[in-house]
Amino acid sequence: MGRGRATDSESRFLRYVEGLVSVIGHADRARPLRDYCLGLMVSRGRKSVEPMAATTAPGRTSAQHQSLLHFVGAANWSDENVLAKVRAMVLPEIERYGPLEAWIIDDTGFPKKGQHSVGVSHQYCGQLGKQANCQVAVSLSVANHHASLPVAYQLYLPKGWAEDSARRGKAGVPEEVSFQTKPEIALAQIRWACKAGLPRGNVLLDAGYGNDSKLREGISAEGLTYSGGILPQTLVCKPGLRPGRQSKSRKSKNGKPKRDTVSVKQLALGLPAKAWRTIKWREGTNDWLSSRFARVRVAVAPSHEPDKKPTKEWLLIEWPKGEAEPTKYWLSTLPQAISLLNLVDATKLRWRIERDYQDLKQEVGLGHFEGRGWRGFHHHATLCIAAYAFLISERETIPPSGPGAAALFQEPVLPDGYRPRGAAIAA
């Protein structure tokens, strides 16, 4: 890569940082803001504060370390204001490729040792695929087929933490933060996004969120559509039967489903062969991604407020060729007139959140924060999102074979003999 391209990218980065400085408060925060974002993008290996300090200020690593540590862990600047400025600068770049189509709810886990980092608990960690000691954050991203951007991000605070005033005090958890389930955090983020006037999209959820009927109802109450994953045992009214008050409970006295309801798995297994179609929905790395899908108009059996008349929505089912049974199920309130191809395409756009978290963790070190406090956890995430947003806006300038941010900037040289704290002493 020529020096000219690097200089152009660096100039745009400085202008980008100037935009963020305009909402971050004191002028003396401009340099640590620039250096922290730059360190997230160009540091190799772990992107915690000390190695970023050595990368961005090789001649004064100790002073830089203290400056960045204070900036991310203690400085009282607003995550909301910075993320709003990021949206204002980067969403127009994303929308050049088409309007925003989706709001994507998800969470991500960060394995952690010890018990003192804010929100750490033994809970399910998606990164490990099992129960483990970790932190979990819930996020809302906006997306089209070109790119996606996180716009809200909040740590999930387990009840044991939320009710422990001593631990809350040490970690600096704000007084207004109380215990919320992850679906409750997600719904609060959706309501915030509606009030903020973000361009609306179809809300996409995996089964961990889509299976929550109150969350689905809350999304509909905001005038939004959704495509939410559900579990195979989810009960719906049998197609062909008029939903009514006879389905007042999900199960009869003996614990078995009422005769006028059926699980979505049973319904799928009973569909005729002609109901299934092979759909290609996205070009993958080597070939088009495709699978077999069917859809049925259904009314979900009410789990609460049984007198409320159920409304019909799409049940979308995926049954890949060679599998013994269907593998995924979704409920969707997208229009009844939508084609199966467009329904699959809209629902499968949730893949963008997986790319978000892959790049946020691998490219800009989202999971590398080593502090223990609430403020530092969210400041680090905000700056990671800001750095990631800049990379999105620069995507066209990165060569296909380029290693991400490394292709945009001249990498600073570490001082001779630099060794991060805790590194093994050389033999």
Might you work through the side chain to side chain contact (heavy atoms under 4.5 Å, CB included) test for Leu383 and Leu33, ending with a clear yes or no?
CA-CA 8 Å; Leu383 296 171; Leu33 169 64; 3.5 Å; yes
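- Under the 3.5 Å distance criterion, the side-chain polar atoms of Arg168 are matched with a main-chain donor or acceptor of Pro174.
- Nearest approach of Ala386 to Cys37, heavy atoms of both residues: CB-SG, 4.5 Å.
- At distances below 3.5 Å, not a single donor-acceptor pair connects side-chain atoms of Ser121 with backbone N or O atoms of Gln123.
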Got a list of side-chain donor-acceptor pairs under 3.5 Å for residues 100-108, not counting sequence neighbours?
from	atom 1	to	atom 2	distance (Å)
Glu101	OE1	His145	ND1	3.2
Glu101	OE2	His145	N	3.3
Glu101	OE2	His145	ND1	2.9
Trp103	NE1	Pro199	O	2.9
Asp106	OD1	Arg350	NH2	3.1
Asp106	OD2	Arg350	NH2	3.2
Asp107	OD2	Tyr209	OH	2.6
Thr108	OG1	Lys361	NZ	2.7

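- Here Leu205 contributes atom CG and Ile230 contributes atom CD1; the two are 12.0 Å apart, rounded to the nearest 0.5 Å.
- A heavy-atom distance below 4.5 Å is found between the side chains of Ser139 and Ile353.
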Test Glu18 against Arg15 for salt bridge (Lys or Arg N to Asp or Glu O under 4.0 Å), laying out the working first.
CA-CA 5 Å; Glu18 287 175 3; Arg15 291 196 296 271; over 6 Å; no
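- Within the structure, ring-ring contact (aromatic ring centres under 6.0 Å, His included) contacts touching residues 312-332 (residues at least two apart or in different chains) are Trp276-Trp319.
- Residue pairs that meet the salt bridge (charged side-chain N to carboxylate O under 4.0 Å, His left out) test with at least one member in residues 317-345, sequence neighbours left out, are Lys265-Glu325, Glu318-Lys348.
- Applying the side chain to side chain contact (heavy atoms under 4.5 Å, CB included) criterion to Pro111, with sequence neighbours excluded, gives Cys125, Gln127, Leu128.
- Here the shortest heavy-atom pairing between Ile392 and Ser148 reads CD1-O, 3.1 Å.
- Considering every non-hydrogen atom in both Gly114 and Val120, the closest pair reads O-CG1, 3.4 Å.
- Contact check on Glu217 versus Lys214 returns no salt bridge, with no Lys/Arg side-chain nitrogen under 4.0 Å from an Asp/Glu carboxylate oxygen.
- To the nearest 0.5 angstrom, Leu224 atom CG is 7.5 Å from Ile219 atom CD1.
- The salt bridge (charged side-chain N to carboxylate O under 4.0 Å, His left out) analysis of residues 223-236, with sequence neighbours excluded, yields no pairs.
- For Glu80, the side chain to side chain contact (heavy atoms under 4.5 Å, CB included) criterion is met by Ser78, not counting sequence neighbours.
- Taken to the nearest 0.5 Å, the CG atom of Leu343 stands 5.0 Å off from the CG atom of Leu316.
- Sorted by first and then second residue, the side-chain hydrogen bond (donor to acceptor under 3.5 Å, both in side chains) pairs with a member in residues 170-180 form an empty list; sequence neighbours excluded.
- Applying the ring-ring contact (aromatic ring centres under 6.0 Å, His included) criterion to Tyr16, with sequence neighbours excluded, gives Phe390.
- Looking at Pro150 and Leu360, their side chains come closer than 4.5 Å, going by heavy atoms from C-beta outward.
- Applying the salt bridge (charged side-chain N to carboxylate O under 4.0 Å, His left out) test to pairs two or more places apart or on separate chains, those with a residue in residues 138-164 are Asp164-Arg167.
- Arg355 meets the side chain to side chain contact (heavy atoms under 4.5 Å, CB included) test with Trp351, Arg352, Gln358, Asp359; sequence neighbours excluded.
- With contacts defined as side-chain heavy-atom distances shorter than 4.5 Å, the pair Asn144/Ile94 qualifies.
- A donor-acceptor distance shorter than 3.5 angstrom exists from the side chain of Gln189 to the backbone of Val138, with no hydrogens or angles considered.
- In plain terms, the two heavy atoms of Leu14 and Arg34 that are nearest each other are CD2-CD, 3.8 Å.
- No side-chain donor-acceptor contact under 3.5 Å links Arg216 to the backbone of Tyr226.
- When every heavy atom of Val118 is checked against every heavy atom of Gln135, the shortest pair comes out as O-NE2, 2.8 Å.
- A heavy-atom distance below 4.5 Å is found between the side chains of Arg200 and Cys194.
- Other residues, nucleotides and ligands place no more than 12 heavy atoms under 6.0 Å from the CD atom of Gln336.
- For the pair Phe179/Thr181, a side-chain contact is recorded, criterion being any heavy-atom separation below 4.5 Å from C-beta on.
- Here Val296 pairs with Pro239, Leu267, Leu271, Val298 under the side chain to side chain contact (heavy atoms under 4.5 Å, CB included) rule; sequence neighbours left out.
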Intermediate values then yes/no, side chain to side chain contact (heavy atoms under 4.5 Å, CB included), Trp77 and Thr382
CA-CA 11 Å; Trp77 48 269; Thr382 293; 4.0 Å; yes
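- Interatomic distance, Gln233 CD to Asn211 CG, rounded to the nearest 0.5 Å: 7.0 Å.
- Residue His122 places its NE2 atom among more than 12 non-hydrogen atoms of other residues, nucleotides or ligands, all under 6.0 Å distant.
- Remark: Ile338 CD1 to Ser332 OG distance equals 6.5 Å, nearest 0.5 Å.
- When side chains are defined from C-beta on, Val236 counts as touching Val262, because their heavy atoms get closer than 4.5 Å.
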Check: residues 366-381 side-chain donor-acceptor pairs under 3.5 Å, at least two apart:
from	atom 1	to	atom 2	distance (Å)
His368	ND1	Lys47	N	2.8
Glu370	OE2	Arg46	NE	3.0
Arg375	NH1	Ala74	O	2.7
Arg375	NH2	Asn76	OD1	3.3
His378	ND1	Trp374	O	2.9
His378	NE2	Leu155	N	3.1
His379	ND1	Asp79	OD1	3.0
His379	ND1	Asp79	OD2	3.3
His379	NE2	Ala75	O	2.8
His380	ND1	Tyr36	OH	2.8
His380	NE2	Gly365	O	2.9
His380	NE2	Leu366	O	3.4

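- Between Leu349 and Leu204 the shortest heavy-atom distance is C-CD1, 3.7 Å.
- Taking CG of Leu91 as the start and OG of Ser393 as the end, the distance is 11.5 Å to the nearest 0.5 Å.
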